[in-house]
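Working notes, structure below.
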Amino acid sequence: MTKKILFFFPENPFSNRAGNTTRAKTTLTVLKKMGYQIDLVGVSEIYKSQNDTTDIDKDIVDHLFLIKHRPLKVKTSSEYWKHKISKFYKKPNEYNHLLTDFARKEFADIFHKEKYDAIIINYEFWAGLVDHESMKNTLKIIDTHDWITLNEFYKNRSLDIGKRFNEEIRNLSKFDKIITISEDEHLVFKRFLGEKVINISPSFPSHFEKNDRVKKYDLIFVGSENIFNIQSIQWFFDHVYPLLPSGINIVIIGRVCKHIEKREGVTLIEFIESLEEEYHQSKIAICPMLEGTGIKIKVIEALSYGLPVVGTERAIDGFPSKTSNGCLVSDHPEFFRDQIMSLLQDQSYYQDIKTQAKAYFKNNFSEEKAIEKWKKILH
């Protein structure tokens, strides 16, 4: 009998919008390849705010359900009045205002309609969805995606770190298995939560077979509209771009383009259905991240195409090895420029780093590696 998974991810993982949605989609793909039936649960308000459609890949996900954080405003509805009254005596969730009693009930109602062998929750701040007593004997897995306390601290330096981290650990402790995607975070959480913390690096299929074609772009950067991507690409254009010779062709892809002015030799593509063609047409990926936590999905995706990566130190956060990984890193604009030019001007050196990129990807981020680790958790 085919086993069933209830998979919660607040956004549409098939939106192709950002690294987090890409990774959720690759996880779903891995689970489907392992033979599981998967029901996907999202959050109605987040779908609406992100302008997400309810289009899903039916070859991967069997059903999509959307939960709401409050009932419809129908004055004859007992659910409406129960939610309204509860607001007078119950404080909203400090770290996730959409995680209400009504949202928990909606999730529990979905759980009760089918027999699920496992529940997978994405993000620590949605951990409260599994608080229902009926779920206590079901395998519960949380995919952390990130060290949330540190991520929130970067966005808000006045954050009470001790209080927030205590909440994060308490939420993670509700689960039977805790998935990290970064070696750095794996070491942190394992200190507090022991052997149930398992590191499963992001995985992609490899795309090495077409990467010998003629290149249209020298550099490629892929980024969503989050503050870290905006800061990073602005740093690149302020400090590295002026040092590059004219004639360098750069393509920037993603909603980060909204924050970039037009420049000579720079192609801006705000949205594209698939990145495959652009990666195959590019020589080098750049990742000039200044802040932000966790492993960078854009770097792993570039490696899956066998592209050398030039980045800052943050670009290789969470990597098992900081050297011989296909990435050249420096936080200094002049060295950053020098690494780009070395790859563009020395074909032998370029091929050496490309070979490193392919080998490092195959050894650490292949789908086969991810499937091996998921089997140990789910079987």
Side-chain angles (χ1 to χ4, degrees), residues 3-13 20-21 23-25 27-28 31 36-50 52 54 56 61-72 79 82-83 86-87 90-149 151-152 164 166-181 189 193 196-198 377-378:
K3 292 188 174 182
K4 294 195 72 171
I5 291 173
L6 188 61
F7 188 97
F8 172 84
F9 185 77
E11 310 170 49
N12 188 333
N20 64 324
T21 56
R23 181 167 169 275
K25 179 183 174 181
T27 300
L28 288 166
L31 295 171
Y36 286 91
Q37 286 185 22
I38 305 166
D39 285 349
L40 174 66
V41 182
V43 179
S44 179
E45 290 83 2
I46 294 179
Y47 270 60
K48 191 178 294 182
S49 69
Q50 297 282 7
D52 279 345
T54 54
I56 57 172
V61 169
D62 295 278
H63 303 99
L64 169 65
F65 302 98
L66 295 181
I67 62 174
K68 299 182 180 70
H69 81 291
R70 64 185 178 192
L72 294 173
E79 289 291 352
K82 190 186 297 183
H83 175 77
S86 71
K87 288 163 68 176
K90 194 166 188 178
K91 288 183 178 180
N93 187 293
E94 187 175 353
Y95 304 111
N96 181 0
H97 72 280
L98 295 176
L99 181 59
T100 60
D101 285 345
F102 186 77
R104 289 187 179 94
K105 179 185 180 301
E106 292 242 294
F107 187 77
D109 287 347
I110 295 166
F111 173 79
H112 293 144
K113 286 175 186 173
E114 294 282 345
K115 170 141 181 61
Y116 293 100
D117 299 281
I119 299 169
I120 299 177
I121 301 292
N122 286 265
Y123 301 115
E124 163 270 333
F125 42 84
W126 286 102
L129 291 175
V130 301
D131 286 346
H132 201 278
E133 182 69 15
S134 63
M135 301 176 193
K136 69 177 182 179
N137 295 321
T138 303
L139 177 65
K140 292 181 287 296
I141 302 164
I142 188 155
D143 190 328
T144 58
H145 281 257
D146 210 342
W147 183 359
I148 299 298
T149 300
N151 188 282
E152 291 182 2
R164 183 65 186 94
N166 185 55
E167 173 77 3
E168 187 168 9
I169 295 298
R170 186 165 62 247
N171 281 337
L172 295 180
S173 68
K174 298 175 181 180
F175 292 83
D176 303 298
K177 301 292 180 181
I178 300 156
I179 308 300
T180 60
I181 64 172
F189 289 130
L193 297 159
K196 63 181 179 177
V197 182
I198 298 150
I377 294 171
L378 290 165

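All heavy atoms count here, side chains included; hydrogens, waters and symmetry mates do not. This one's a predicted model, so the numbers in the text were calculated from it and none came from an experiment.
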Got a second to check how far [X]'s [atom1] is from [Y]'s [atom2], nearest 0.5 Å?
X      : Y      : atom1 : atom2 : answer
Leu64  : Phe7   : CG    : CZ    : 12.5 Å
Ile121 : Leu6   : CD1   : CG    : 7.0 Å
Phe175 : Ile120 : CZ    : CD1   : 10.5 Å
Leu172 : Thr180 : CG    : OG1   : 10.0 Å

Between [Y] and [X], is there a side-chain heavy-atom distance shorter than 4.5 Å?
X      : Y      : result
Ile181 : Asp143 : yes
Glu124 : Glu167 : yes
His145 : Phe9   : yes
Lys140 : Lys174 : no
Ile178 : Thr144 : yes
Lys113 : Phe65  : no
Leu31  : Leu378 : yes
Glu168 : Trp147 : yes

By side chain to side chain contact (heavy atoms under 4.5 Å, CB included), which residues pair with [X], not counting sequence neighbours?
X      : answer
Thr138 : Phe111, Ile119
Asn166 : Arg170
Gln37  : Thr2, Lys4, Asp62

_When you compare the side chains of Asn20 and Tyr123, does any donor N or O come within less than 3.5 Å of an acceptor on the partner?_
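There is such a pair between these side chains.
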Between the main-chain N or O of [Y] and the side-chain N or O of [X], is there a donor-acceptor pair closer than 3.5 Å?
X      : Y      : value
Ser44  : Leu66  : no
Asp52  : Asn12  : yes
Lys196 : Ser173 : yes

Between [X] and [Y], what is the shortest heavy-atom contact and its length?
X      : Y      : result
Tyr116 : Ile5   : CD2-C, 3.7 Å
Phe102 : Lys68  : CD2-O, 3.5 Å
Pro13  : Lys25  : O-CB, 3.4 Å
Asn171 : Ala127 : CB-CB, 3.6 Å
Thr100 : His69  : OG1-O, 2.6 Å

*Quick one: list whatever passes ring pair (Phe, Tyr, Trp, His ring centres under 6.0 Å) with Phe8, sequence neighbours left out.*
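Phe8: ring pair (Phe, Tyr, Trp, His ring centres under 6.0 Å) contacts with Trp126.
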*Qualifying residues under ring pair (Phe, Tyr, Trp, His ring centres under 6.0 Å), relative to His63, sequence neighbours excluded*: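 In terms of ring pair (Phe, Tyr, Trp, His ring centres under 6.0 Å), with neighbours along the sequence ignored, His63 is linked to no residue.
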*Check step by step if salt bridge (charged side-chain N to carboxylate O under 4.0 Å, His left out) holds for Asp109 and Lys105.*
CA-CA 6 Å; Asp109 287 347; Lys105 179 185 180 301; 2.9 Å; yes
*Output all residues satisfying salt bridge (Lys or Arg N to Asp or Glu O under 4.0 Å) with Glu45, sequence neighbours left out; order by chain, then residue number.*
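None.
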